[in-house]
Number of protein chains: 2
Amino acid sequence: MNDVARTAGVSLKTVSRVVNGEPSVTPDLAARVRAAVESLDYRPHLGASMLRRNDRRTRMIGVLLEDVANPFSGALHRAIEDAARDRGVHVLTGSLDEDEQRERDLARAFRQRQTDGLIVAPAGSDQSYLSRFTGTPIVFVDRPPSGFGADTVVSTNVAGAAGAVRHLVAHGHRRIAFLGDYQRRATARERFRGYLQALGHRPGPVVHDVRGEVAAERATLALLRRADAPTALFTGQNLITIGAVRALQRIGLHQSIALVGFDDFPLADLLDPPVTVVAQHPARMGRAAADALFERIDGHNGPPREIRVATTLIPRGSGEIRIAPAR
Amino acid sequence: MNDVARTAGVSLKTVSRVVNGEPSVTPDLAARVRAAVESLDYRPHLGASMLRRNDRRTRMIGVLLEDVANPFSGALHRAIEDAARDRGVHVLTGSLDEDEQRERDLARAFRQRQTDGLIVAPAGSDQSYLSRFTGTPIVFVDRPPSGFGADTVVSTNVAGAAGAVRHLVAHGHRRIAFLGDYQRRATARERFRGYLQALGHRPGPVVHDVRGEVAAERATLALLRRADAPTALFTGQNLITIGAVRALQRIGLHQSIALVGFDDFPLADLLDPPVTVVAQHPARMGRAAADALFERIDGHNGPPREIRVATTLIPRGSGEIRIAPAR
DNA sequence: CTACTCCAAGACAACGTTGTCTCTCGATGT
DNA sequence: ACATCGAGAGACAACGTTGTCTTGGAGTAG
């Protein structure tokens with residue numbers, strides 16, 4: 001800035017004024033300064049600027065997701081980015097991969113960088129460490145936190161799951177199996193709750209803690225070999241649904257066993273049969289989370305809110321297979 | 001820091017020493033300081049620290065992608081994040097949506113934030129504005145820049161496309177259609193070049209500037225209605241492939257018209273028939289781009305490099321449909 | 001017992017900005 | 001012609017930290 005001032009033949013402060021667009025500079029001086037800035041490729045030192053201004057805002061938020069490479073996280077991320085863009089805010093991201101330690105490390109690191117706020121899809125089962133993060137607003141998305149209260153945006157897991165199972169019941173099914181993710185995940189528990197709710201006291205076979213496509217395929221095959229094999233499947237998560245589809249295709253039952261999956265996935269409509277799902281709306285969730293966060297950043301100070309984003313049942317074929325008349 | 005010093009009964013500088021882990025502090029003093037830091041929730045002001053240290057490193061890089069919500073960008077992003085994590089560097093991301101203006105704006109904004117480097121999947125057709133970005137290393141990924149030279153990581157588009165088309169030829173096809181993305185995109189041009197290369201002087205019907213699934217479906221239907229309808233399709237991009245699959249299924253030709261798509265996509269193996277593709281390797285590309293960037297950040301100063309990541313032909317079924325004996 | 005060495009801890013300045021105060025100079029009104 | 005006013009421009013200090021130099025006191029050798 002000194003160099004610019006010297007080149008333009010003005011004082012340091014005048015350069016500062018021009019750079020910050022303050023009005024009280026005569027046009028020709030301003031032009032000279034701008035030319036000098038240009039020719040010297042001067043760029044202000046943000047650190048110094050923030051220091052002097054005592055500006056606590058970095059106009060940057062941190063977002064902790066399960067894995068930026070998976071479609072659900074990607075959609076969340078994109079929606080958050082769009083909301084941030086509207087406010088001239090940039091986004092730092094990190095993938096947690098279900099790793100509790102990484103969640104804590106990244107949260108700390110982002111806070112250290114003075115991000116104005118944090119949006120977290122928690123990986124760990126305990127977020128109480130966040131209670132020391134005073135002054136940094138936090139919003140949770142996709143999964144509720146535990147041990148710490150803050151705004152939370154989640155799908156209507158119970159209602160969505162119950163709706164899916166009722167849909168199967170409406171098509172004549174009585175033995176409806178549940179295949180779910182790790183029970184330590186709150187979403188898995190909620191979806192199971194919805195399943196139970198819809199079936200009352202007569203649930204079908206249940207498999208918990210299924211993790212990943214391959215495990216899901218195996219679990220599905222095992223289920224269908226049982227004497228009391230179900231006539232319909234309700235799968236509690238993306239990859240489980242896909243694993244189930246693979247299993248059904250493999251043993252040629254894809255046209256006779258009904259299937260509804262929780263969470264939509266690309267090309268579900270191109271499979272044979274097209275897969276009926278309870279779609280979540282990650283874009284809406286991301287937008288809602290970002291809106292809530294920015295409200296907090298702007299000083300809103302109420303008690304923690306829970307924002308539920310409704311799911312949508314999308315009938316595509318696999319969920320409308322009626323129970324086989326005889327068996 | 002002053003408060004901490006007072007609380008611990010030491011001088012400012014000693015606190016600084018403890019915070020920065022300098023060895024020359026007696027253990028009990030250090031303990032007192034740490035306790036004070038804890039109780040006051042003191043966190044150093046990064047801006048001030050950078051200012052004094054004259055540290056130009058923010059340990060932050062910027063990544064400009066087409067759209068963080070699409071799987072290809074997501075995989076790139078993830079690989080870059082992992083490479084960055086190994087070095088304790090964080091990642092700022094932005095989605096460009098093919099918008100030239102946004103590319104320039106975000107590049108400038110990230111540079112303004114003093115990111116240590118930039119990885120760009122260019123949206124615009126001219127990157128010459130970057131030549132003014134002295135001091136900020138830049139690496140391009142997925143698409144080569146124009147008007148500006150820097151390290152670039154791209155797929156072997158020509159060879160990959162040629163291989164795909166030769167694969168179809170090997171299965172007896174002679175009238176092989178090409179459906180490609182906007183020609184202004186370098187990748188589209190290269191893939192077309194590969195197609196021509198494989199077919200010599202007898203190319204089949206060609207449709208350029210197909211954008212998106214719906215347009216691709218329409219274009220495919222139109223192609224197949226022609227008198228000289230092709231017996232095989234080569235599609236130059238993800239969404240075009242999917243559109244083509246839809247079209248083929250719709251008119252019931254999915255078992256008789258061969259198809260090879262450029263770029264893999266999730267569930268391609270679950271479709272009917274499973275779709276043969278030329279897979280790109282976004283994870284490798286992201287890793288290579290990040291490695292190149294960090295080399296530059298660490299001072300490497302050679303001429304711009306072009307890093308080509310080989311594609312892989314994955315035969316799954318749709319590309320192995322032989323030409324119908326009579327027609 | 002003195003003189004020297006060494007090391008922990010403190011004092012001070014400086015990093016690049018900007019808020020605030022002050023100064024200068026030209027314009028205006030009487 | 002003189003007093004008053006206002007606006008544009010500069011001088012100066014301060015933001016929170018750390019590099020460098022200085023100080024003080026304990027330890028050690030002669």
Side-chain angles (χ1 to χ4, degrees), chain A residues 1-60 109 111-116 134-136, chain B residues 1-60 109 111-116 134-136:
Chain A
M1 205 176 222
N2 249 315
D3 297 345
V4 174
R6 206 170 322 112
T7 307
V10 298
S11 84
L12 205 59
K13 181 65 218 203
T14 300
V15 177
S16 167
R17 279 195 256 265
V18 173
V19 169
N20 291 297
E22 289 174 36
S24 66
V25 182
T26 37
D28 62 323
L29 265 198
R32 251 160 58 206
V33 170
R34 263 188 286 273
V37 163
E38 199 71 0
S39 78
L40 296 176
D41 187 33
Y42 162 79
R43 281 171 303 143
H45 189 294
L46 259 73
S49 173
M50 279 186 49
L51 177 60
R52 184 54 177 92
R53 283 192 171 124
N54 203 6
D55 186 357
R56 289 273 162 214
R57 290 281 134 84
T58 52
R59 307 195 74 68
M60 223 165 55
R111 176 170 144 94
Q112 173 88 0
R113 283 197 184 279
Q114 348 236 62
T115 49
D116 296 340
T134 51
T136 304
Chain B
M1 205 176 222
N2 249 315
D3 297 346
V4 173
R6 207 172 317 114
T7 307
V10 298
S11 83
L12 206 59
K13 180 67 219 201
T14 301
V15 177
S16 167
R17 278 194 257 264
V18 172
V19 168
N20 291 296
E22 289 174 35
S24 66
V25 182
T26 39
D28 62 322
L29 264 198
R32 259 171 38 216
V33 170
R34 262 188 288 271
V37 164
E38 198 71 2
S39 79
L40 296 176
D41 188 34
Y42 162 79
R43 282 171 302 143
H45 188 294
L46 260 74
S49 175
M50 279 185 50
L51 178 60
R52 184 55 175 93
R53 284 195 172 120
N54 203 4
D55 186 357
R56 288 276 163 209
R57 290 282 133 84
T58 52
R59 307 195 74 67
M60 221 165 56
R111 176 170 145 94
Q112 174 87 357
R113 283 199 184 277
Q114 350 236 70
T115 50
D116 297 340
T134 50
T136 304

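Both backbone and side-chain heavy atoms feed into the values below; hydrogens, waters and symmetry mates do not. To find a chain, count down the sequence lines: A is the first, B the second, and so on, and within it residues start at 1.
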Once you apply a heavy-atom cut-off of 4.0 Å, does [X] come out as touching a base, just sugar-phosphate, or nothing?
X: A:Leu12; value: base
X: A:Thr14; value: sugar-phosphate
X: A:Asn20; value: sugar-phosphate
X: A:Val10; value: sugar-phosphate

Exercise for the section: Drop me the distance from B:Thr14's OG1 to B:Arg32's CZ, to the nearest 0.5 angstrom. Expected result: 9.5 Å
Fill in the blank from the handout: The reported gap from NZ in A:Lys13 to CE in A:Met1 (rounded to nearest 0.5 angstrom) is 8.0 Å
Practice task
Taking all non-hydrogen atoms of both residues into account, name the closest pair between B:Arg111 and A:Asp41 and its distance.
Solution key: NH2-OD2, 3.3 Å
Kindly say if [X] contacts the phosphate of [N], meaning a side-chain N or O under 4.0 Å from OP1 or OP2.
X: B:Ser16; N: D:dT18; answer: yes
X: B:Arg53; N: D:dT18; answer: yes
X: B:Thr26; N: C:dA9; answer: yes

Please pick, from [options], the nucleotide with the shortest atom-to-atom distance to any side-chain atom of [X].
X: A:Lys13; options: C:dG16, C:dT20, C:dA11; answer: C:dT20
X: A:Ser49; options: D:dG8, C:dT18, D:dT18; answer: C:dT18
X: B:Arg52; options: C:dT17, D:dT20, C:dA14; answer: C:dA14
X: B:Leu51; options: D:dA11, D:dT17, C:dC15; answer: C:dC15
X: B:Ser11; options: D:dT18, D:dG10, C:dA11; answer: C:dA11

Rounded to whole angstrom units, what separation is found between the [atom1] atom of [X] and the [atom2] atom of [N]?
X: B:Glu22; N: C:dC7; atom1: CD; atom2: P; result: 15 Å
X: B:His45; N: C:dC15; atom1: NE2; atom2: C1'; result: 13 Å
X: B:Met1; N: D:dC15; atom1: CE; atom2: P; result: 15 Å
X: B:Asn2; N: D:dG16; atom1: CG; atom2: C1'; result: 9 Å
X: B:Asp3; N: D:dT17; atom1: CG; atom2: C1'; result: 14 Å
X: A:Gln112; N: D:dT17; atom1: CD; atom2: C1'; result: 13 Å
X: B:Arg57; N: C:dC15; atom1: CZ; atom2: C1'; result: 18 Å

Is a side-chain donor or acceptor of [X] paired with a backbone partner of [Y] at a separation under 3.5 angstrom?
X: A:Arg17; Y: A:Glu22; result: no
X: B:Arg43; Y: A:Gln114; result: no
X: A:Arg34; Y: A:Val18; result: no

Exercise for the section: Classify the side chain of B:Arg17 and the base of C:dG10 as holding, or not holding, a donor-acceptor pair under 3.5 Å. Expected result: yes
Completion exercise
By nearest-heavy-atom nucleotide on DNA chain C, the more 5' of B:Asn54 and B:Ser24 is B:Ser24
Handout entry: Residue mapping more 5' on DNA chain C - nearest nucleotide basis, B:Ala48 or B:Val25
Key = B:Val25
